[in-house]
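Reviewing the structure listed below.
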Amino acid sequence: MALSNSARLLMATVSTFALATAAEAQDAASPTTGQPAETETTAETSAQTGTVAVVALDAITITANKLETSVIDAPASISVVDEEELERRQASDLSDILRGMPGVEIHGGPRSTVQEPIIRGLTGDRVVVRVDGARANMSVGHKGRFFFDPEVLKSVEVYRGAASTMQGTGALGGVIALTTKDANDLLDPGQTLGARVKVGYASVDHGLTTNGMAYGRPTDNTDLLVSVTRESTGNFESGDGDKQPYTDDDYINGMLKGGIDINDASRLTLTVQRYNDDHRLPSAPDSGAALSTSNYLVNRESEETSMVLGYRYHDSANDWIDANLNAYGMRTDLDEKRVSDGRHDERTLDTIGLDGSNTSRFDLAGRDLAVTVGGEIYQDSQEGRRNGVAVSNLFPDAEMTIYGVYVDNALALTDALDVTAGVRFDSYDLSADGQRAREDSAISPRFSASYRLTSWMQPYVSCAEAFRAPAMTEMYASGYHFPGNNFVANPDLEAEKAKTWEFGTNFKSDNLLTHGDAFRAKVAYFHNEIEDYIEQQGATFGSSETKSVNVPEAEIQGFEAELTYDTGVIFGGLAASRIRGENTRTGANLSDIPADKVALSGGYRFQDHGVEVGGRANLVDRLTRIASGSEVPGYATFDVFVSWDAHETVPGLTVNAGIDNILDHNYQTADQGLYEPGRNLKISASMKF
């Protein structure tokens, strides 16, 4: 059942943490145990005993500081969903990928192309999204911004907290970085040519997903991957058995990705993707509201084309140069035709950008210093048309250019104390046809310090500032909105500025309860103060105008925890978050603040048979702290899954199966009109050749 109150959530998390810490202290005090081994030692001893420990928090992150750092050692709140977990979840949309992650929720409901992430109560342009390094900036009211194919993903990394210094303007809430597979991820040792075919089925919407990949190394220094995915679904059933209207989908995605190893130190890559989705849905598909004169039915086609050209130089013998450079372009088109009369609306966003960084390493009297210098420039150009004519309310013709430069320094002051200090300068220029142009700039510093108090405990503190320029639609939208209501442009909008303090602790222990096991945990308290928070006012019936305005001061604070334990045979995890947000001038609740939640997962590996079984529970408290409307009931969902690596029986075959929402619970997420999918049997099989 759902949680009755937030205190239970917090007590459960703290109790779990106290038990783990007590066990660690007892283990450390035992004269026969000795010092806990590091992660590498755990992997080695696990191999000797026939187990394979898989700890998600040992994944490598690059969002924290542009350096390859283990997540568990980073003084920041970071989660990584790796390829194994993506396969285990049989993810078909963003909600499947991020469900259960602390501090993260999904806005927009269950329609996959409409979903937007909420990180620590912030959404939209306040969350930077990158796909293989390219910024995905599409953001327009009610329409969504994620157009991607889960089948090509290798990992999804989520950085929670202000990250403008390293990730660029807009990262007030955090960053979501999607990384796609390449041929080297799929080729077996010694293999030069291969292919994979995958088919998946979901019962709740009779969805069928097919993917084909071909990959290889044509020469010793080149690699190439080609992927095509097609997914077709019907309207899904909610927990009460009712079909949710206009939730069917049909998309196709193609990807070409290649690389050239120029020499031992240099690598050039090219990624080209094209996504196309065609379905019928309401014009405001994130609201879930019934069809009406203001939420009419449309035939919508969503297209996104992207290209990323990347260059990497890293020579282990050269401490001065460790460089990355990405040049990218992305075009997103939303094309809608009203079913009733054929009225044709078009929205197009073109983004071109260039970003790069270089890290130089120094030895200062035996202490390591890494200095990263980088910069980025990108331009967004948007265009809106209705029956071929520009309309300022739909998607005003506008252009924004942003450039930024930064320097970041990571210094190991002692064997136990690490400090990081950096600063970024950003400048933006906004303009629109027939409107007053606007430009501004900001400096965003950051600082963090972590101390290895014991071999298994690393407290840290960080402070970071972030900056977000107003979106073009926020500033320049004007004209008809719905009957009796009009958009009003506000070229005087100020940029948002945020300052986030975070106090956390990383826990890392091997051989905690048994030989070869691994325990990892990250807990954090954060406090985010936002000046000139941009909020849309008057977007309801009964008001004569809708306008984006600055809220002078807003405050968001909360607690997050993420724990994993893995023996190689038994594995489990817990994630929890509790977040509050308000307008500090009026005391009013902010919108998009998620409910308290706890997520549990665990399973068992039958290693002799290549089988893994497990389950997940997602427990969400009722939401009473809302900006408007009625409270949202809490809910609890339970999933089970099984994976079979059938290589010993049929070489190359892998089978995944599971049942999501096994109790067929009928529920809604916060602020959504549509109910979520009911019981859903999912099964997929892939064959590598």
Side-chain angles (χ1 to χ4, degrees), residues 79 81 83 85-101 104-119 123 127 129 131 136 138-139 142-158 176-178 180 198 200-211 229-238 244 246-253 255 273 275-279 281 285-286 288 300 302 304 332 334 599 616 618 637 639 641 656 658-661 667-670 672-684:
S79 297
V81 183
E83 185 175 357
E85 182 64 19
L86 290 170
E87 292 290 336
R88 183 186 291 153
R89 296 188 178 208
Q90 301 182 77
S92 62
D93 57 29
L94 189 65
S95 177
D96 287 341
I97 295 172
L98 301 183
R99 183 180 294 114
M101 189 175 291
V104 181
E105 291 295 339
I106 299 298
H107 171 81
R111 294 185 175 104
S112 61
T113 57
V114 186
Q115 296 175 347
E116 287 204 35
I118 303 172
I119 300 181
T123 189
V127 175
V129 176
V131 183
M138 184 62 161
S139 184
H142 307 297
K143 303 300 181 182
R145 66 182 299 195
F146 265 84
F147 310 98
F148 73 101
D149 173 17
E151 295 300 327
V152 302
L153 294 181
K154 178 169 65 176
S155 67
V156 178
E157 184 174 341
V158 179
I176 296 181
L178 284 68
T180 59
K198 182 178 178 182
Y201 173 78
S203 65
V204 76
D205 55 9
H206 301 290
L208 183 65
T209 304
T210 56
N211 170 262
T229 301
R230 170 74 183 274
E231 180 176 274
S232 179
T233 72
N235 294 327
F236 69 75
E237 290 185 0
S238 55
Q244 297 296 295
Y246 309 112
T247 56
D248 57 317
D249 205 358
D250 190 353
Y251 82 80
I252 185 169
N253 185 80
M255 184 180 80
Q273 282 202 79
Y275 175 98
N276 182 276
D277 191 295
D278 192 359
H279 51 175
L281 72 177
D286 66 337
R300 170 171 155 177
S302 309
E304 188 164 87
T332 306
L334 300 182
R616 294 179 292 267
N618 196 36
T637 59
D639 312 329
F641 59 84
N656 283 277
I659 305 177
D660 291 349
N661 192 8
Y667 71 101
Q668 295 172 298
T669 58
Q672 305 308 322
L674 283 177
Y675 284 90
E676 295 292 316
R679 184 184 297 114
N680 187 16
L681 169 63
K682 299 192 294 188
I683 185 168
S684 64

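In this text, all values refer to a predicted model and were calculated from it rather than measured experimentally.
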query: In Å and rounded to the nearest 0.5 Å, what is the CD1 to CD1 distance from Ile659 to Ile683?
result: 10.5 Å
task: Heavy atoms only: give me the nearest Val204-Pro677 pair and the separation to one decimal.
output: CG2-CB, 4.1 Å
task: Answer yes or no: is there a donor N or O on one side and an acceptor on the other, between the side chain of Gln90 and the main chain of Ser684, under 3.5 Å?
output: yes
- prompt: So do Pro117 and Leu94 actually touch side chain to side chain, heavy atoms under 4.5 Å?
  reply: yes
message: Under a 3.5 Å distance rule, please check whether Gln115 uses its side chain to pair with a backbone N or O of Ser95 as donor and acceptor.
response: yes
field: Met101/Val158 under side chain to side chain contact (heavy atoms under 4.5 Å, CB included): CA gap, chis, key distance, verdict
entry: CA-CA 9 Å; Met101 189 175 291; Val158 179; 3.6 Å; yes
query: Any donor and acceptor pair, going by atom type alone, linking the side chain of Thr247 with main-chain N or O of Phe236 inside 3.5 Å?
result: yes
query: With side chains defined as the heavy atoms from C-beta onward, is the minimum distance between Leu153 and Phe148 less than 4.5 Å?
result: yes
- request: Find out whether Asp250 and Arg230 are in side-chain contact, i.e. whether some heavy atom of one side chain is under 4.5 Å from a heavy atom of the other.
  value: yes
- prompt: Roughly how far apart are Asn680 CG and Thr637 OG1, rounded to 0.5 Å?
  reply: 12.0 Å
field: Side-chain (Asp205) to main-chain (Asn235) donor-acceptor, under 3.5 angstrom
entry: no
task: Quick one: do Gln273 and Thr180 satisfy side chain to side chain contact (heavy atoms under 4.5 Å, CB included)? Show the steps, please.
output: CA-CA 10 Å; Gln273 282 202 79; Thr180 59; 3.8 Å; yes
query: Quick one: does Arg616's side chain have a donor or acceptor within less than 3.5 Å of a partner on Phe641's backbone?
result: no
query: Would you call Ser92 and Glu231 a side-chain contact if the rule is heavy atoms closer than 4.5 Å?
result: yes
message: Can you confirm whether Arg99 sits close enough to Arg89 that some side-chain heavy atom of one is under 4.5 Å from a side-chain heavy atom of the other?
response: yes
CA sep, side-chain torsions, deciding dist, call: Asp93, Ile106, side chain to side chain contact (heavy atoms under 4.5 Å, CB included): CA-CA 11 Å; Asp93 57 29; Ile106 299 298; over 6 Å; no
- prompt: Glu87 side chain to Asn656 main-chain N or O, any donor-acceptor pair under 3.5 Å?
  reply: no
query: What's the shortest heavy-atom distance between Pro110 and Leu674, and which atoms?
result: CD-CB, 3.9 Å
- request: Identify the two heavy atoms, one from Ala91 and one from Ile97, that lie closest to each other, and give their separation to 0.1 Å.
  value: CB-CG1, 3.6 Å
- prompt: Does any non-hydrogen side-chain atom of Phe147 lie less than 4.5 Å from one of Asp277?
  reply: no
task: For Asp660 and Asp639, indicate whether the former's side chain and the latter's backbone hold a donor-acceptor pair under 3.5 Å.
output: no
field: Donor-acceptor contact below 3.5 Å, side chain Asp248 vs main chain Thr233
entry: no
message: Is the shortest side-chain heavy-atom distance between Asp96 and Lys682 below 4.5 Å?
response: yes
field: CG-CZ distance between Leu281 and Arg111, expressed to the nearest 0.5 angstrom
entry: 5.5 Å
field: Test side chain to side chain contact (heavy atoms under 4.5 Å, CB included) applied to Phe146 and Leu178, step by step
entry: CA-CA 11 Å; Phe146 265 84; Leu178 284 68; 4.1 Å; yes
message: If the test is side-chain contact (heavy atoms from CB on, under 4.5 Å), which one of Thr229, Val152, Asp149 qualifies with Met255?
response: Val152
field: OG-CD1 distance between Ser79 and Ile176, expressed to the nearest 0.5 angstrom
entry: 11.0 Å
- prompt: Does any non-hydrogen side-chain atom of Glu304 lie less than 4.5 Å from one of Ser302?
  reply: no
query: How close do Gly100 and Asn618 get, heavy atom to heavy atom, and via which atoms?
result: CA-OD1, 3.9 Å
task: Please work out which of the three classes, parallel, tilted or perpendicular, describes the rings of Tyr275 and Tyr251, given edges at 30° and 60°.
output: parallel
